[in-house]
Amino acid sequence: MTEEESGTPHWLFGDQLGPHFVDPARGGPHRDTPLLMIESRGVFRRRRFHRAKAHLVLSAMRHRAAELGDRVRYVKADTYRQGLREAVGDAPVTVHHPTSHAAHAFVGTLPSVRVLPARGFLVTHDEFRAWADGRGTKHLRQEDFYRWVRQTHDLLMEGDRPAGGRWNLDHDNRQPPARGATDLGVPAPYRPRESEIDDEVRSDLDRWVRDGDVEFLGDDGPRGFPATRREALAALRRFVERRLVTFGAHEDAVLSGDATMSHSLLSTSLNLGLLDPAECVERAQERWRAGEVPLNSAEGFVRQIAGWREFVWHVYWYFGEQYRTSNVLGHHGPLPEWFAELSPDGTGANCLSHVLEQVRTTGWTHHIPRLMILGSFALQRGWEPRAVTDWFHRSFVDGYDWVMVPNVVGMSQYADGGRMTTKPYTSAGAYIDRMSDLCGPCRYKPSVRVGEDACPFTAGYWNLLHRHRDRFEHNARMTRAVRGLDRLRDLDALLEQERGRRD
């Protein structure tokens, strides 16, 4: 890089906050390059985000600016365009590849901005495109991609074979919670201490709301997730040293008294750019090779980051902007107000009420409540996938456009017709009953399909299969379930009930 180029300011978006975004050895700007950060209030005007999410993002940005000191110019503006104009005028700026289609299109309209390659992922866009194009099919499968990443990055490998002889240890990692247990009894996750910057952020958010400028969802309690690189490293260290050992077996289980189970809670740190995925999977691998964690726990964690997170990022870009509008099931139902407002009192189903309460108070819940309770319910009710995607994006502290479009459109709502998953991820109430303790106190019974005690998930599951029978009966993984419709003597009564259901 020339001296002239090193003087060109480098713009850091609010999810590009780690050292790997300013490391010249890894494609970042020169170490003497001035940095620019823009806090755009317009982002929070356009969408009604969870209050805890707004707090976390602004806290992380302001903490990073404080760490960078005089090297960074931090601009508070109504829009990014206004902030750029105030900071540099028409002068050239560099920026790493943004994480959303909208942001990427925006920087593409600015002739003075030069876009550098994306950071914060294990696989480059070109590498993924070559892999995907080489598949010779319109369907992409995470399992195939995951194995390829394991091989190319030498993760949990023994020579050219997977450690332990199996690529997939999901069977070992789908254990229900112990009967009668209220928690897993594992060490608590890392929780940060707030600083004066957090007080300042909360004061600003309060003022914006009082002024009628911005509206939020949910609660803003004490900040529950890292806002600095130091905090993120502490959270990673605590997870791999004290919680990873118990992560695998019960990663799909849900307990009403243990919101975090053995989950890492590192998604926010990864998605803000405070952690690099390589350091996370390498730490887990080191613990396994040292004999300190079982293979199924290490593999389950590596799968989440090097497999699913990486896959979702690339699917988002590979399928393009139009992917978000996919709706092959023709679902157009509106989200009911109680769901949209995170109101746990709007439903009689204990599992839904419990999970909505957790999202309302923290902006987070782990992947099974997201997929098999919130997402499954939306799919069964036929809500419009784009609205569901937007809700997840706004309501979760780790929700970003690139995260939620594939996760919701593709996996949760099956709106793409199977371009990235082999079947819809939904179930009757029996699954929730088996994997959680949420059904016992519920007014509904998971084994009941029709009547006052009918579980909305059980009835909703069969109603969904009936509604889309022509499509699902040709899916090899759904054929047996669809044929089960023919054994339901109360199917007509169930369908009539579901036409009138308002839960």
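For the atom pair CE (Met411) and NZ (Lys423), the distance works out to 9.0 Å, reported to the nearest 0.5 Å. Between the CD atom in Glu357 and the OG1 atom in Thr362 there is a gap of 9.0 Å [rounded to 0.5 Å]. Atoms CE and CD1, on Met372 and Ile432 in that order, are 7.0 Å from each other to the nearest 0.5 Å. Between the OG1 atom of Thr109 and the NE2 atom of His104 there is a distance of 11.0 Å, given to the nearest 0.5 Å. We find the CG-CG distance between Leu205 and Asp213 to be 11.0 Å, quoted to the nearest 0.5 Å. Separating the CG atom in Leu68 from the CG atom in Leu36 is a distance of 11.5 Å, to the nearest 0.5 Å.
Side chain of Arg73 to main chain of Ala87: a donor-acceptor pair is present (N/O by atom type, distance under 3.5 Å, no hydrogens or angles). Side chain of Arg31 to backbone of Pro24: no donor-acceptor contact under 3.5 angstrom is found. Between the side chain of Arg51 and the backbone N or O of Phe216 there is no donor-acceptor pair closer than 3.5 Å. The main-chain N or O of Gly418 is never found under 3.5 Å from a side-chain atom of Thr421 such that the two would form a donor-acceptor pair. Checked by atom type and distance alone, the side chain of Thr458 pairs as donor or acceptor with a backbone atom of Gly429 at under 3.5 Å. Of the possible polar contacts, none joining the Ser376 side chain to the Thr426 backbone as a donor-acceptor pair under 3.5 Å is found. Between the His96 side chain and the Val115 main chain, no donor and acceptor come within less than 3.5 Å of each other. A donor-acceptor pair under 3.5 Å is absent between the side-chain atoms of Arg141 and the main chain of Glu143, judged by distance alone. Under a 3.5 Å cut-off, the side chain of Arg443 and the backbone N or O of Ala349 do not form any donor-acceptor pair. The main-chain N or O of His314 is never found under 3.5 Å from a side-chain atom of His125 such that the two would form a donor-acceptor pair.
Side-chain contact between Val254 and Pro369: present, with at least one pair of heavy atoms (C-beta onward) separated by less than 4.5 Å. Looking at Arg229 and Pro19, their side chains come closer than 4.5 Å, going by heavy atoms from C-beta outward. Within the 4.5 Å cutoff, the side chain of Met37 has heavy atoms near those of the Met61 side chain. When side chains are defined from C-beta on, Val388 counts as touching Leu335, because their heavy atoms get closer than 4.5 Å. Contact of the Ser395 side chain with the Leu217 side chain is registered, since non-hydrogen atoms from C-beta on lie closer than 4.5 Å.
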Given side chain to side chain donor-acceptor pair (under 3.5 Å), test Asn271 with Arg309 step by step and report yes or no. CA-CA 10 Å; Asn271 294 351; Arg309 181 179 186 269; 3.2 Å; yes
I would like to know whether His97 and Trp317 meet ring-ring contact (aromatic ring centres under 6.0 Å, His included); could you show each step before the answer? CA-CA 11 Å; His97 191 296; Trp317 293 103; 4.7 Å; yes
Begin from the C-alpha positions of Ser112 and Asp90 and carry the test side chain to side chain donor-acceptor pair (under 3.5 Å) through to its verdict. CA-CA 6 Å; Ser112 60; Asp90 295 326; over 6 Å; no
Quick one, Asp204 with Arg62, criterion salt bridge (charged side-chain N to carboxylate O under 4.0 Å, His left out). Give me CA distance, side-chain angles, the key distance, then yes/no. CA-CA 12 Å; Asp204 285 347; Arg62 294 181 188 184; 2.8 Å; yes
Stepwise salt bridge (charged side-chain N to carboxylate O under 4.0 Å, His left out) check, Arg283 with Glu279: CA-CA 6 Å; Arg283 294 274 191 97; Glu279 64 188 333; 5.1 Å; no
Could you walk me through whether Arg202 and Glu196 pass the salt bridge (charged side-chain N to carboxylate O under 4.0 Å, His left out) check? CA-CA 10 Å; Arg202 190 166 286 115; Glu196 292 181 358; over 6 Å; no
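In this structure, Arg360 does not pair ionically with Glu341, as no charged nitrogen and carboxylate oxygen lie closer than 4.0 Å. In this structure, Arg324 pairs ionically with Glu321, as a charged nitrogen and a carboxylate oxygen lie closer than 4.0 Å. A salt bridge does not link Arg467 with Glu498: every distance from a Lys NZ or Arg NE/NH1/NH2 to an Asp or Glu carboxylate oxygen is 4.0 Å or more. Look at Arg45 and Asp78 and you find a salt bridge, because one of the NZ, NE, NH1 or NH2 atoms lies within 4.0 Å of a carboxylate O, short of that distance. One finds no salt bridge joining Arg193 and Asp198 here, because no Lys/Arg side-chain nitrogen approaches an Asp/Glu carboxylate oxygen to under 4.0 Å. Taking a cutoff of 4.0 Å between a charged side-chain nitrogen and a carboxylate oxygen, Asp390 and Arg394 qualify as a salt bridge. Taking a cutoff of 4.0 Å between a charged side-chain nitrogen and a carboxylate oxygen, Asp170 and Arg174 qualify as a salt bridge.
A donor atom on one side chain and an acceptor atom on the other are not found under 3.5 Å apart for Tyr444 and Asn350. Side chains of Tyr323 and Asp416: a donor on one and an acceptor on the other come within 3.5 Å. Asp219 and Thr361 are not linked by any side-chain donor-acceptor pair at a separation below 3.5 angstrom, with hydrogens and angles left out of the test. Side-chain atoms of Asp437 and Ser256 include a donor-acceptor pair closer than 3.5 Å. A side-chain N or O of Ser262 and one of Thr246 form a donor-acceptor pair less than 3.5 Å apart. For Thr228 and Glu67, the side-chain atoms include no donor-acceptor pair closer than 3.5 Å. Side-chain contact, His10 with Thr33: no donor N or O sits under 3.5 Å from an acceptor N or O. Side chains of Asp398 and Thr268: a donor-acceptor N/O pair is absent below 3.5 angstrom, by distance only.
Taking the centre of each ring, Phe339 and Trp383 come in below the 6.0 Å mark. Ring centers of Phe396 and Trp364: at least 6.0 Å apart, outside the cut-off. Proximity of the aromatic rings of His263 and Phe239 is defined here by a centroid distance below 6.0 angstrom, and this criterion is not met.
Just one of Asp252, Leu184, Leu255 meets the side-chain contact (heavy atoms from CB on, under 4.5 Å) condition when paired with Pro177; it is Leu255. When each of Trp313, Phe121, Tyr316, Phe145 is checked for a ring-ring contact (aromatic ring centres under 6.0 Å, His included) with Phe128, only Phe145 meets the rule.
Taking the centre and axis of the six-membered ring of Tyr400, the NZ or CZ atom of Lys53 falls inside the cone set by 45° and 6.0 Å. For the pair Arg381 and Phe377, the cation-pi test (distance below 6.0 Å, angle within 45°) is passed. Judged by the 6.0 Å distance and 45° axis criteria, Arg237 is not positioned over the aromatic ring of Tyr190.
Counting non-hydrogen atoms of neighbouring residues, nucleotides and ligands closer than 6.0 angstrom, the CZ atom of Arg47 exceeds 12 such neighbours. By the neighbour-count criterion of 12 heavy atoms within 6.0 Å, atom CZ of Arg230 is sparsely surrounded, having that number or fewer from other residues, nucleotides or ligands.
Every residue meeting the ring pair (Phe, Tyr, Trp, His ring centres under 6.0 Å) condition with His468, not counting sequence neighbours, appears here in chain and number order: His331, Phe472.
Note: Trp308 and Phe311 have tilted aromatic rings, judged against thresholds of 30 and 60 degrees for the angle between ring planes.
Counting only residues at least two apart or on different chains, the ring pair (Phe, Tyr, Trp, His ring centres under 6.0 Å) pairs with a member in residues 62-82 are Trp11-Tyr80, Phe13-Tyr80.
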